[in-house]
Protein chains: 2
Amino acid sequence: MTNKLNLKNLTKSEEDYLKALFQLLIEDDSGKVGNNQLADYLKVSPASTNNMIKKLKAKKYVVSEKYGKLELTEEGKSIAVRLIRKHRLWETFLCNYLNFSWDEVHEVAEQLEHIKSQKLVNELDRFMDFPSKDPHGEVIPNADGEYFVLPKITLSSLEEGAVCQLVSVNDASVTFLKYVSEIGLALSSEIKVLEVREFDSSIRIQFNQVEETVTRKFADNVFVKVI
Amino acid sequence: MTNKLNLKNLTKSEEDYLKALFQLLIEDDSGKVGNNQLADYLKVSPASTNNMIKKLKAKKYVVSEKYGKLELTEEGKSIAVRLIRKHRLWETFLCNYLNFSWDEVHEVAEQLEHIKSQKLVNELDRFMDFPSKDPHGEVIPNADGEYFVLPKITLSSLEEGAVCQLVSVNDASVTFLKYVSEIGLALSSEIKVLEVREFDSSIRIQFNQVEETVTRKFADNVFVKVI
DNA sequence: TTAATTTGTTAGTCATAACTAACTTTTTTA
DNA sequence: TAAAAAAGTTAGTTATGACTAACAAATTAA
Ligand SMILES: [Mn+2]
Ligand SMILES: [Mn+2]
Ligand SMILES: [Mn+2]
Ligand SMILES: [Mn+2]
């Protein structure tokens, strides 16, 4: 089955479900994703996801047994990766050429990723000279759907004294991204973990000669590389 | 009512119907557009247009009496013009930056025009340094929805001996646009009408030291300025 | 190991937007 | 001006993708 056939005839909803399932499957390293989990993630009812999963199973994009966990077929994964590629290329374009800030791009990219034109995405890629990462630090899959999945180490998982570099951030919350920028953090920032407070799991960090206290919830959304 | 409120909450279908009605109202200089005409144009059944027109009347974008002709309110026109602006800006971007040919852009722009982001369209406009015309020679409305409607004089309406300049072409047919390019015609080409044949209304024209015979149907889709 | 809780499924409803078939009104033509 | 044709409307159907409420299965806790 060719790539061209892959991206055909899917509705916006079908695409969003496949992408969501793919994201959950790589996030949850347990490798198990259930119906209600998917419903939570997409902010729809479990009945809605159950119904859509049936359609996607009939179309051979999803495999699962009744009451069992959800899996993607190779074709399902392929569609999801191409959507992620489009999403991240558009975010990059909006940031680098159209004066969007990193907190403004996700919502618009959620729409743009559903535009059906192989040529559009590949030409956009070429126009930007094949960028490797999006504005949030995420790797952009290439035209063949190949890409490195960076191991996601959260800032919150580090011990006191650890020194790391900011690799990527969760892109879905506008307020979180604005907050990151405001305190002066950016991709590649070098961060030292000064103290992890037992009482509320808040973390005292240092970066660019600045000290800040951030919550556990904040640190959960910051991904780092230990150095 | 502000512009921001204007573009909100409309479905892709509602937008397409408003744009189609607007286009028909300026094309048909009689100023009268009926339900079946709209259905023809959108390639849906008269029942479908009738149903949608009811919704658009309820939302105050369309005005008409039962069995009467269709009209747009100021708000309806405003939405249509903004869609046309987006459509033409995207076509221009695809042609000038992403290596699309003028016969490839319309279909993709039909999708892109429905992306909801005021900032996106205005930044795209700025990025291209506020282009005034799209790849087919059509005027692009500015951010306030202002633009000149060029009088549409078809090549087919000219008399023998007339000399004119190609101003714009109908953008909806891929095969037509390819044909125009192939014979060597382009925007601004100077065309002389050598002969109008009574038998089948075919026209012998001259441009760039070339002579060609074109059909009435061809000449109906070529818009010119007499010089 | 039984009971409670969580997870997943089914049935039935609603909104959107398409369709066909049948009907009504308006316009045209004979 | 009466009949025919065209234009417009209505009713009823289908598909998609949401929802709630009720129910069943699987998991967890007592
Ligand atoms: Mn994103
Ligand atoms: Mn999306
Ligand atoms: Mn166009
Ligand atoms: Mn469109």
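A distance of 6.0 Å or more separates the ring centres of B/F100 and B/F93.
The phosphate of D/dT16 has neither OP1 nor OP2 within less than 4.0 Å of any side-chain N or O from A/S13. Contact annotation: B/N50 reaches the phosphate of D/dT9 (side-chain N/O to OP1 or OP2, under 4.0 Å). A/K66 has no side-chain polar atom (N or O) that falls below the 4.0 Å cut-off from OP1 or OP2 of D/dA25. Between B/K69 and the phosphate of D/dG8, there is a side-chain N or O to OP1/OP2 separation shorter than 4.0 Å.
Remark: C1' of D/dA24 and CG of A/N35 are 14 Å apart, rounded to the nearest angstrom. Regarding B/K32, its NZ atom lies at a distance of 14 Å from the P atom of D/dA7, rounded to whole Å. Between the P atom of D/dG17 and the CG atom of A/L18 lies a distance of 11 Å, rounded to the nearest Å. As a whole-Å value, the separation of A/N51 CG from D/dT20 C1' is 14 Å. Atoms CD1 (B/I53) and C1' (D/dT9) sit 13 Å apart, rounded to a whole Å. B/L21 has its CG atom 12 Å from the P atom of D/dG8, to the nearest Å. Rounded to whole angstrom, the span from the CG atom of B/N36 across to the C1' atom of D/dT10 amounts to 14 Å. Rounded to whole Å, atom P of D/dA15 lies 16 Å from atom CE of A/M52.
Look at B/E138 and B/K133 and you find no salt bridge, because none of the NZ, NE, NH1 or NH2 atoms lies under 4.0 Å from a carboxylate O. Look at A/K59 and A/E14 and you find a salt bridge, because one of the NZ, NE, NH1 or NH2 atoms lies within 4.0 Å of a carboxylate O, short of that distance.
Residues from residues 40-49 of chain B lying near DNA chain D, meaning a heavy-atom separation below 4.0 Å, are B/P46, B/A47 in numerical order.
A/S13 and A/T11 are not linked by any side-chain donor-acceptor pair at a separation below 3.5 angstrom, with hydrogens and angles left out of the test.
Residue B/L83 holds its CG atom at 7.5 Å from CG of B/L18, rounded to the nearest 0.5 Å.
In this structure, the side-chain contact (heavy atoms from CB on, under 4.5 Å) partners of B/V174, at least two apart in sequence or on a different chain, are B/D103, B/K178.
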| message | Show, in sequence, the C-alpha distance, side-chain angles and deciding distance for A/H136 and A/L177, and conclude whether the side chain to side chain contact (heavy atoms under 4.5 Å, CB included) test is met. | response | CA-CA 9 Å; A/H136 312 104; A/L177 290 171; 3.8 Å; yes
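With a cutoff of under 4.0 Å to any heavy atom of chain B, the contacted region of DNA chain C is bounded 5' to 3' by C/dT16 to C/dT26.
When A/K86, A/R85, A/R88, A/K19 are each tested for a salt bridge (Lys or Arg N to Asp or Glu O under 4.0 Å) with A/E113, only one passes: A/K19. Residue A/S64 is tested with A/K69, A/E71, A/K57, A/K54 for a side chain to side chain donor-acceptor pair (under 3.5 Å); the sole match is A/K57.
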